[in-house]
Number of protein chains: 2
Amino acid sequence: MKKRPTITDVAKHAGVSKASVSYVLNNVKKVSQSTKERVLLSIEELGYEPDFTAVSLTRQRSQLIGIILPLVNQSIASVMRENTYYNEMISAVEQRARESGFDLLLTGLSRPEHYRTWVQKRKLDGLLFFGLFPKEIYDEMRSIDVPAVLIDTYEEHTDRYPSVNIEDEKGAYLATRHLAELGHTRILFTGTNLKNPVENYRFQGYQRACRESGIASMHPVETFHYHGFKSGYEAAEKVTATDATAVFCTSDIIAQGLIRALFEQGIRVPEDLSVAGFDDIHSSRYSIPSLTTIRQQIQLKGDAAAGKLLEAMKGGSPEPEVLDVSLIVRESTAPLSKGSA
Amino acid sequence: MKKRPTITDVAKHAGVSKASVSYVLNNVKKVSQSTKERVLLSIEELGYEPDFTAVSLTRQRSQLIGIILPLVNQSIASVMRENTYYNEMISAVEQRARESGFDLLLTGLSRPEHYRTWVQKRKLDGLLFFGLFPKEIYDEMRSIDVPAVLIDTYEEHTDRYPSVNIEDEKGAYLATRHLAELGHTRILFTGTNLKNPVENYRFQGYQRACRESGIASMHPVETFHYHGFKSGYEAAEKVTATDATAVFCTSDIIAQGLIRALFEQGIRVPEDLSVAGFDDIHSSRYSIPSLTTIRQQIQLKGDAAAGKLLEAMKGGSPEPEVLDVSLIVRESTAPLSKGSA
DNA sequence: TTGTAGGCGTTATCAA
DNA sequence: TTGATAACGCCTACAA
């Protein structure tokens, strides 16, 4: 394998100095038209491409964007292997990043105190946080002031870092109201953990809808697992122990797991129990029954996050963004029927 | 933000030369116990961590592993957002890589001719190919001899690069035989494209099972799409146009899409039509009906691929590996009944 | 065993 | 407008 040409080769070939080549490369400074042409020609002829590792060293930046995913059991597996929510977002980010000349570094770091050095060692240009992390991590990041964008994160971090969120409260409100309008008066809220602000807002939306509909909120079911099938599957027990005729789940994947468990118990959805989800991940249109859910435009969200990060990396101060959501009615919800549980 | 310490700082702090620090860092050469201790102490005190970009430049390698995903419509989205097959594997790879001090670079490159420079610019240490790519890409990679491991790839590339595959032929055979044993005599094969060796082997397995069962193979249905719900959903038309009473699909995601389409047409699975899939992705245990399928241990596959790559990067020559598969019988297949289509 | 110095490929400073 | 040349942070002969 012949070595690839360096800037020195180009300089020689064009009969100019390395500096000049660098100038035209980064079109900085004025370069005479003639040398510029000569340099460009040499670059073309030699098939030269700048070496990122060298550029990284001098520029102190890497053209790399780090994606921070939640770790469950020392692995991002739980988060990637069932719920395509993250994957849909990552793919959107990847495309946007690639178009702008950035590559994506994927990781779930194990220990918070490692983040900082990781970012520094790699000289990451920007970070995308998918979800909420321990507070100390944000502090670490701030101390090395690396641009970052937070997705699905509320709290005080947001006013320091740009964020992309959705109308969580509204989404849950819409779903719950939909169920109420179908005649349900015993509507259950099922989530993973109300300590998470995202879910908490959704719970508030649920409560508001109940209030406005003149029905009583029920004690929420929390699974204390991540958003996966199993979480919903195992929640079934708690769900069936109530007299609810309708359930709002804070994610589609939980809803799907729940529906599966109900199916095994002979409880029909929606005939016996209506179930609504949240996210509108891809599979929800294809599941049986297809899922009534709150659509958040996941790809748009990823794209927006990537866009804001690119802007922040250029020195801008992008505004936080809150994307709208909408109710998608499919097969998993139905009017309250006489025979309901 | 205070600058992070460099090797020079450590050297000063310890009262030795940069070289000595480097020596203990890479424990190369003999270093006296005393200086070694002093250096380690300084490293500890200063919280020093080597800068990867600098190391990359001198060592000519990056501690980075590139993941090459198929691009559909200029995006890896299609491949990541529905079928968790890839995601399950990526997460396994990520964990293994992280444990060994490597980070993952995620990408779907648009143009084959870009791969080479991409790998070189980033000084990637190794590549993981998920699926089959245009031949020219392998040639490019060979020309810069970067270690790589191919997943789900047959053909002559395999004898140059280590590969991880599964018993594709056997898997399809098992599934088809299962359907035949249930009494089905009109069994349909549905895949995306028989030109892909993986699918072709599966077709051969299908044919063998038919032969051994004394039933006629049917003309295969090809969707000519990637493995997604839509692919299966749209295949329904072709499927129902036949007199098949059972269908073997080359992926779970296709099977799920197909089942959904059948559901909409009032065709019950498995009562009216048995459907078997391939992969055993996570959702297949939770779908309704749950899917009879061929299990490939996806995480194991990813882990094996990562392991081989790590070995190859150390200069080893890992053997190709073919993982076993097994039949998982669930709800989507049933004995042929009188009333079947 | 330890230190000096050159090099990795670019960018950036400063003269010329 | 251009060209030396010194960083950037680390590794590694080669010397000492």
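These values consider heavy atoms only, across backbone and side chains, with no hydrogens, waters or symmetry-generated copies. Residue numbers start from 1 in every chain, and the chains themselves are labelled A, B, ... in the order their sequence lines are given, proteins ahead of strands.
- Atom CG in A:Leu57 sits about 9 Å away from atom P in D:dC8, given to the nearest Å.
- A:Lys12 has its NZ atom 13 Å from the C1' atom of C:dG9, to the nearest Å.
- Under 4.0 angstrom from either OP1 or OP2 of C:dG9 there lies at least one side-chain N or O belonging to B:Gln60.
- Going from atom CD of A:Glu37 over to atom P of D:dT1 covers 15 Å, rounded to whole Å.
- No hydrogens or angles considered: a donor-acceptor pair under 3.5 Å links the side chains of A:Arg59 and A:Asn26.
- Using a 4.0 Å heavy-atom criterion, one finds that B:Tyr48 contacts the sugar-phosphate atoms exclusively.
- Using a 4.5 Å heavy-atom threshold, the side chains of B:Leu57 and B:Phe52 count as separate.
- Defined by atom type and a distance below 3.5 Å, a donor-acceptor pair is missing between the side-chain atoms of B:Ser75 and B:Asn73.
- Rounding to whole angstrom units, CD of residue A:Gln120 and C1' of D:dC8 are separated by 15 Å.
- Rounded to whole Å, atom P of D:dT12 lies 12 Å from atom CG of B:Asn27.
- Residues A:Arg116 and A:Ser143 form a side-chain contact, since some pair of their non-hydrogen atoms from C-beta on lies under 4.5 Å apart.
- Residues B:Asn165 and B:Leu323 form no side-chain contact, since every pair of their non-hydrogen atoms from C-beta on lies 4.5 Å or further apart.
- For the OP1/OP2 pair of D:dC10 and a distance below 4.0 Å, the side-chain nitrogens and oxygens of B:Ser22 include no atom meeting the criterion.
- Here D:dG9 presents its P atom at 15 Å from CG of B:Leu25, a figure rounded to the nearest Å.
- Looking only at distances, a side-chain donor or acceptor of B:Arg4 sits under 3.5 Å from a matching main-chain atom of B:Glu49.
- Between the side chain of A:Asp125 and the backbone N or O of A:Gln63 there is at least one donor-acceptor pair closer than 3.5 Å.
- An end-to-end axis angle of 50° holds for the helix from C:dT1-D:dA16 to C:dA16-D:dT1, taken from five base pairs per end and rounded to 10°.
- Contacts of A:Thr53 with the nucleic acid, taken as non-hydrogen atoms under 4.0 Å apart, are absent.
- Here the side chains of B:Tyr161 and B:Val149 are not in contact, with every heavy-atom distance at 4.5 Å or above.
- Counting non-hydrogen atoms under 4.0 angstrom, B:Thr6 reaches the backbone sugars and phosphates but no base.
- Residue contacts shown for A:Gln33 are absent, as no nucleic acid heavy atom lies under 4.0 Å away.
- The side chain of B:Thr58 contributes no N or O atom lying less than 4.0 Å from OP1 or OP2 of C:dG7.
- The distance between atom CZ of B:Arg59 and atom P of D:dA13, rounded to the nearest whole Å, is 12 Å.
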Do any N or O atoms of the protein come closer than 3.5 Å to N or O atoms of nucleotides 3-6 of chain C, and which pairs are they?
| from | atom 1 | to | atom 2 | distance (Å) |
| --- | --- | --- | --- | --- |
| C:dG3 | OP2 | B:Ser17 | N | 2.9 |
| C:dG3 | OP2 | B:Ser17 | OG | 3.2 |
| C:dG3 | OP2 | B:Ser20 | OG | 2.8 |
| C:dG3 | O6 | B:Tyr23 | OH | 2.5 |

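- Rounding to whole angstrom units, CZ of residue B:Arg4 and P of D:dC8 are separated by 14 Å.
- Without hydrogens or angle criteria, B:Ser17 side chain to B:Ser20 main chain gives a donor-acceptor distance under 3.5 Å.
- A:Leu25 is listed as a side-chain neighbour of A:Tyr48, based on a closest heavy-atom distance under 4.5 Å.
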